[in-house]
Student: 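Structure in structure tokens, see below.
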Amino acid sequence: MEYGLIGEKLGHSYSPQIHAQLADYRYELKALPPDELDAFLESRGFRGLNVTIPYKQAVIPHCAALSDAAQEIGSVNTLLVRPDGSLYGHNTDIGGFIYMLRRAGIDPNGRKAAVLGSGGTSLTARTALKRMGAREILVVSRKGPVDYEALYAEHADVEILVNTTPVGMYPKTGLSAADLNRLPCVQGVVDVVYNPEKTALILDAMERGIPCVSGLPMLVAQAREAAELFANRSIPESTVDSIVGAIKGQTLNLVLTGMPGCGKSSLGALLAEAMNRPLIDCDAEIVRRANMTIPEIFAKYGEARFRALETEVLQDVCRESGRVVATGGGAILRPENVRAMRQNGRICFIRRDVALLPQDGRPLSSASDDAVFRLWEQRKDKYASAADFAIDNDATLSTVAQRIQEGFYEAAHH
């Protein structure tokens, strides 16, 4: 291999697609069991490597020299074969972490910070926070000495909160690493998790208007620094934002909301084909799981049961990535549904003239002659507040689908 990433279990990694956009070299993934690490490194069958769990300390004895950053943190995530065949070890995680905070406008200088977790990424965060001038840095873990109850009881004045644990990471989404209600002084939230894009902790911060950032900018920024070593040239920092946007455009869900009959399913089918993505129609999934039609669910169990099924489906569907998701007309009624959509997606509100909306076969729209108008009045503000962008369905389906696709890619870059 020329360049690549080594670790014990790599699973899905964004690294190849990131490096493909940073420089012109071959970049591969290589999972290595522990008993093969030493022989692989000594073989020098590579020109440069990124290193991930659990080998960031294990590679150090193989290095003839370490950068100041690698020495400071005691961890190596980038290896370079020098002209004499020796290995040079560097750590780009610190620079990536600092970039992530600066990009989000989170300044730890003079502030008290708490880092959740005590592993390798915690050490990166602590080193970066120290460099950025944090006044005090706490390490919080379940085993202490500062555990979570001590954090809330004795350190409620924490101003910067950093999560380096896997709490909230896919597939166990929806869990928050900390309770912001018990940390009233927090002015910045950082979560190194990047799948989902917005963990429960990040969503909590957004709802409170607290500046916050997830881990994808750090991942790309540290890769840029490594690529500069590999390619032996400077790569503009602006490249990071464009790659972050491109990855989001590929991985985030496009979630369609709007009134019953506004065109979500038809437009969803066109968009799924154009974007080469699977289409998930939430109403169809509810019908499949319940083994009865939606009018039958309403007739037999009532609206409450239908809404519970809808929430269950949305939470299952929206934790995945790279989908077109067509929701039911009332999906935005529950805050937990909107959070599920937001965790890994951009929400498009499809607007259509209420007078043109069909009512047949729709339990709430067909209840009376003016039912659909009353539904619109009840829901219009919720559609607008939940949406990342809105598109009018007032042209041909292909034209509207194109508008939605353009709106999605623009929203994904923010």
Side-chain angles (χ1 to χ4, degrees), residues 12 14 17-18 20-21 170 194-198 206 214 216-217 220 238-285 313-314 316-332 337-354 356-358 379-380 382-414:
H12 174 71
Y14 292 156
Q17 67 194 92
I18 292 172
Q21 296 177 72
Y170 175 86
Y194 55 86
N195 185 11
E197 181 206 17
K198 299 182 181 76
M206 290 176 64
S214 297
L216 185 57
V220 179
S238 59
T239 306
V240 174
D241 275 352
S242 64
I243 294 175
V244 168
I247 291 174
K248 288 182 179 181
Q250 294 167 9
T251 59
L252 292 179
N253 297 318
L254 168 53
V255 184
L256 307 177
T257 65
M259 285 284 286
C262 71
K264 297 184 295 290
S265 297
S266 300
L267 288 164
L270 282 178
L271 288 159
E273 183 177 2
M275 300 170 74
N276 193 28
R277 293 172 170 228
L279 169 65
I280 310 297
D281 187 309
C282 291
D283 279 353
E285 179 62 14
V313 166
L314 282 165
D316 289 347
V317 166
C318 292
R319 71 165 55 97
E320 303 298 333
S321 301
R323 297 174 160 191
V324 175
V325 180
T327 67
I332 42 75
N337 293 352
V338 177
R339 281 174 65 98
M341 298 177 212
R342 283 182 174 154
Q343 68 180 327
N344 227 13
R346 293 293 182 268
I347 303 173
C348 173
F349 168 28
I350 301 172
R351 295 180 298 217
R352 187 163 175 78
D353 186 339
V354 181
L356 300 177
L357 296 175
R379 296 177 178 179
K380 62 182 181 181
K382 292 184 181 293
Y383 287 129
S385 63
D388 293 295
F389 64 105
I391 299 293
D392 290 315
N393 184 1
D394 59 359
T396 64
L397 285 177
S398 59
T399 297
V400 176
Q402 180 62 34
R403 291 177 190 164
I404 292 172
Q405 193 171 345
E406 291 170 358
F408 168 74
Y409 288 127
E410 182 178 347
H413 280 73
H414 297 289

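Computed from heavy atoms alone, side chains included, the values below leave out hydrogens, waters and symmetry copies.
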Student: Yes or no on side-chain contact (heavy atoms from CB on, under 4.5 Å) for R352 and L357, after CA distance, side-chain angles and deciding distance?
Tutor: CA-CA 7 Å; R352 187 163 175 78; L357 296 175; 4.1 Å; yes
Student: With the side chain counted from C-beta on, respond yes when Q17 and Q250 share a heavy-atom pair under 4.5 Å apart, and no when they do not.
Tutor: yes
Student: Tell me whether the count of non-hydrogen atoms from other residues, nucleotides or ligands lying under 6.0 Å of CG in D353 goes above 12.
Tutor: yes
Student: Give a yes or no on whether the backbone of E197 and the side-chain of N344 come within a donor-acceptor separation of less than 3.5 Å.
Tutor: yes
Student: For R346 and E410, run salt bridge (Lys or Arg N to Asp or Glu O under 4.0 Å): C-alpha distance rounded to whole Å, both residues' side-chain angles, the deciding distance at 0.1 Å, then the answer.
Tutor: CA-CA 10 Å; R346 293 293 182 268; E410 182 178 347; over 6 Å; no
Student: Measure across I247 and V220 and return the closest heavy-atom pair with its distance rounded to 0.1 Å.
Tutor: CD1-CG2, 4.2 Å
Student: Closer than 3.5 angstrom, by distance alone: can the side chain of T257 be matched with the main-chain N or O of C348 as a donor-acceptor pair?
Tutor: yes
Student: Do Q21 and T239 have side chains that get closer than 4.5 Å, going by heavy atoms?
Tutor: no
Student: Nearest 0.5 Å, what's the NE2-CG distance between H414 and D241?
Tutor: 10.5 Å
Student: To check you understand the geometry: which heavy-atom pair defines the closest contact between I332 and A386, and what is its length?
Tutor: CG2-CB, 3.9 Å
Student: Please check: side-chain N/O of N253 versus main-chain N/O of E320, any donor-acceptor pairing under 3.5 Å?
Tutor: yes
Student: Of the non-hydrogen atoms in C318 and A340, which two are nearest, and what is the gap between them?
Tutor: CB-O, 3.2 Å
Student: Nearest 0.5 Å, what's the CG-CZ distance between N337 and R339?
Tutor: 11.5 Å
Student: Consider side-chain contact (heavy atoms from CB on, under 4.5 Å). Of D316, L256, L314, V255, which one does C282 pass it with?
Tutor: L314
Student: Is the backbone of V324 close enough, under 3.5 Å, to the side chain of R277 for a donor and an acceptor to pair up by distance?
Tutor: no
Student: Between atom NZ of K248 and atom CD1 of I243, what is the distance when rounded to the nearest 0.5 Å?
Tutor: 13.5 Å
Student: Under the side chain to side chain donor-acceptor pair (under 3.5 Å) definition, can you give me all pairs with a residue in residues 399-408, not counting sequence neighbours?
Tutor: D394-R403, T396-T399, Q402-E406
Student: Would the distance check show the side chain of Y383 and the main-chain N or O of G329 forming a donor-acceptor pair, the cut-off being under 3.5 Å?
Tutor: yes
Student: Might you point out which heavy atoms bring F389 and A411 nearest each other, and give the distance in Å?
Tutor: CD2-CB, 4.0 Å
Student: Indicate yes or no for a side-chain donor-acceptor contact from T251 to the backbone of G322 under 3.5 Å, with no hydrogens or angles considered.
Tutor: no
Student: Can you give me the closest heavy-atom contact between P278 and A272, atom names plus distance?
Tutor: C-CB, 4.3 Å
Student: Quick one: pull up NE2 in H413 and OG in S242 and give me the separation to the nearest 0.5 Å.
Tutor: 7.5 Å
Student: Quick one: CD1 on I391 to CD1 on I350, what's the gap to the nearest 0.5 Å?
Tutor: 9.0 Å
Student: Closest heavy-atom contact between A387 and F349?
Tutor: CB-CB, 3.6 Å
Student: If I take atom OG1 from residue T327 and atom CD1 from residue I280, how far apart are they, to the nearest 0.5 angstrom?
Tutor: 13.0 Å
Student: Let me check something: any side-chain donor-acceptor pairs from residues 262-269 under 3.5 Å, sequence neighbours excluded? List them with distances.
Tutor:
residue : atom : partner : partner atom : Å
K264    : NZ   : G258    : O            : 2.9
K264    : NZ   : M259    : O            : 3.0
S265    : OG   : D281    : OD2          : 2.6

Student: What is the ring orientation for Y194 with Y14, classed by angle as parallel under 30°, tilted 30 to 60°, or perpendicular over 60°?
Tutor: tilted
